[in-house]
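Structure, as structure tokens:
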Amino acid sequence: MDNLYEKIIAGQEKVAVVGLGYVGLPLAVSFAKHVNVIGFDIDANKIKTYNNGIDVTKEIGDEEIQSSKVNFSHDESDLKNCKFLIVSVPTPVNSNKIPDLTPVIGASKTIGRNLQKGSIVVYESTVYPGVTEDICIPILEKESGLKCGMDFKVGYSPERINPGDKVNTLENIVKIVSGMDQESLNIIARIYEIIINAGVYRAETIKVAEAAKVIENSQRDINIAFMNELAMVFNKMDIDTNAVLKAAGTKWNFLDFKPGLVGGHCISIDPYYFIYKAEELGYHSQIILSGRKINDGMSKYVAENIIKKLVKSNKNLNGARVAVLGLAFKENCPDVRNSKVFEIINELQDFNVEILIVDPLVDKKEVREEHGLKIIEFTELEEIDAIVMAVPHREFKEYDFNKIKSVFKQELNEEKILIDVKSVYNKQEAKDNGFIHWSL
């Protein structure tokens, strides 16, 4: 096994990436620039799309897909030809906020059925400490009939991809790597060093690496929750939160966090993995769980303030036309999974508010089929009562006040409401341009 790295470099062995979403696809394409790669996913339609040169994630672009040497496949028997296998499937939570390990378990079974002696399996999916060794290894052994430590080895290297970020890309972020022993750690580190320009950090154990990933996003979640709590209090005080943060930010060690909606499949999910494991051990989380409670409630809070602004402006809620700009879970990203904007829309629809959604990045067909919502162009907006800048994509940030004004009702003395969730616009300038402006 100690010459696995050399064989991969020489093209004698292959790397497999199992799960080709926002994490797996960039990983497979990056490795394929240097070594032979099989990109595997159980979704045959996704594989067909990739083979047609279309990047459904929009993370790397169609040109990269078309020029890539990745062998995209949904035939699990192709994994038999790989000795270094990376698992990058999602790890969601269920409706009760309990970790759902079904994708990781399924991927482990698939790999186990095709596992060869002398292989290394590395997990990148976010899990709580202990999952790789206590859950995944037994599955690999059962399905393969092989013995871990003798016939194959495992490691863990948490993904750190930031969807929509074209600066902090896979290659430019330090990669944490870990292995079940020194031999596997050395091989895993060397193989990842093929693509990671920023270098790798060798964690002491697999559990340390698993824990590091969980707390990275938990830390961000807590800090954003603090900002959201401040925003709610400052709103009662009629103080501009953005102005307060700008003033406080002049101190060298003030942390630069902003209030906002916390959705997606990382920051809003990972803390629950830590909370679950802590409670399993008899410890009830206090800070992390409180942060989650605050952030989970922000969609309802934003919707309530939209309703208040409509009522104070004497708008008839029944049929009021509200344009929502942005449906993705974060700016400059097409991913709508666990987007908190859906919750805002649902709250407004309870008051019979008519919602018109604009988002140039998301998959319109997917949104219509899975969520029953129609995406339109900004040019189709008219007779609007309020605009909600929910997700400030780059394109939206280019909209000036005149462009925004053009879609509102043009009656004399008609008040124009601008709900600027993440403070894209200067509050005073918005007021000077005739808007009733509200932001977190």
Can you tell me how far the [atom1] atom of [X] sits from the [atom2] atom of [Y], to the nearest 0.5 Å?
X      : Y      : atom1 : atom2 : result
Lys58  : Asp335 : NZ    : CG    : 11.0 Å
Glu64  : Gln66  : CD    : CD    : 10.5 Å
Glu370 : Arg368 : CD    : CZ    : 11.5 Å
Asn223 : Phe257 : CG    : CZ    : 4.0 Å
Asn217 : Ile267 : CG    : CD1   : 5.0 Å
Lys14  : Leu79  : NZ    : CG    : 11.0 Å

Quick check: closest heavy atoms across [X] and [Y], and the distance to 0.1 Å?
X      : Y      : value
Ile176 : Ala209 : CG2-CB, 3.9 Å
Cys82  : Leu85  : O-CD1, 3.9 Å
Ala390 : Val324 : CB-CG1, 4.1 Å
Tyr22  : Pro334 : OH-CG, 3.8 Å
Leu327 : Asp359 : N-OD2, 2.7 Å
Val89  : Ala107 : CG1-CB, 4.1 Å

Atom [atom1] of [X]: over 12 foreign heavy atoms under 6.0 Å:
X      : atom1 : answer
Lys409 : NZ    : yes
Ile139 : CD1   : yes
Glu382 : CD    : no
Asp238 : CG    : no
Glu63  : CD    : no
Arg220 : CZ    : no
Ile376 : CD1   : yes
Phe226 : CZ    : no

Quiz question: by atom type and distance under 3.5 Å, do the side chains of [X] and [Y] form a donor-acceptor pair?
X      : Y      : value
Asn295 : Lys340 : no
Asp41  : Tyr50  : no
Glu159 : Ser88  : no

Judged by atom type as modelled, is there a donor-acceptor pair below 3.5 Å linking the side chain of [X] to the main-chain atoms of [Y]?
X      : Y      : result
Ser299 : Ile344 : no
Thr169 : Lys166 : no
Glu380 : Glu377 : yes
Lys405 : Asn433 : yes
Asn338 : Gly264 : yes
Tyr156 : Ser125 : yes
Lys422 : Pro392 : no
Lys175 : Pro158 : yes
Ser30  : Pro26  : no
Glu395 : Pro360 : no

Residue among Arg321, Lys315, Lys309, Lys416 satisfying salt bridge (charged side-chain N to carboxylate O under 4.0 Å, His left out) with Asp385: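 It is Lys315; the other options fail the test.
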Lys277/Glu280 under salt bridge (Lys or Arg N to Asp or Glu O under 4.0 Å): CA gap, chis, key distance, verdict: CA-CA 5 Å; Lys277 188 61 179 179; Glu280 192 178 61; 2.9 Å; yes
Note: Glu193-Arg190 ion pair, threshold 4.0 Å (strictly below):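 Salt bridge absent between Glu193 and Arg190.
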Is any side-chain heavy atom of [Y] closer than 4.5 Å to one of [X]?
X      : Y      : answer
Trp438 : Ile417 : no
Ile357 : Val362 : no
Ile195 : Leu27  : yes
Leu25  : Val56  : no
Tyr425 : Phe435 : no
Glu76  : Ile42  : no
Ile387 : Ile404 : yes
Val37  : Lys69  : no

Near-ring test Phe396/Tyr399, centroid separation under 6.0 angstrom: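 Judged by ring-centre distance (under 6.0 Å), Tyr399 and Phe396 do meet the cut-off.
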Intermediate values then yes/no, side chain to side chain donor-acceptor pair (under 3.5 Å), Asn235 and Tyr301: CA-CA 11 Å; Asn235 186 41; Tyr301 177 74; 2.9 Å; yes
Qualifying residue, where the test is side-chain contact (heavy atoms from CB on, under 4.5 Å) with Val341 and the options are Leu325, Leu261, Val421, Val302: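 Testing each of Leu325, Leu261, Val421, Val302 against Val341, the sole residue satisfying side-chain contact (heavy atoms from CB on, under 4.5 Å) is Leu261.
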Salt bridge (Lys or Arg N to Asp or Glu O under 4.0 Å) between Glu331 and Lys397, intermediate numbers included: CA-CA 10 Å; Glu331 53 263 38; Lys397 285 184 175 182; 5.5 Å; no
Criterion side chain to side chain donor-acceptor pair (under 3.5 Å) on Asp100 and Thr102, from CA distance to verdict: CA-CA 6 Å; Asp100 179 5; Thr102 303; 2.6 Å; yes
Aromatic plane relationship, Tyr192 with Phe84 - under 30° parallel, 30 to 60° tilted, over 60° perpendicular: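 It falls in the perpendicular class, over 60°.
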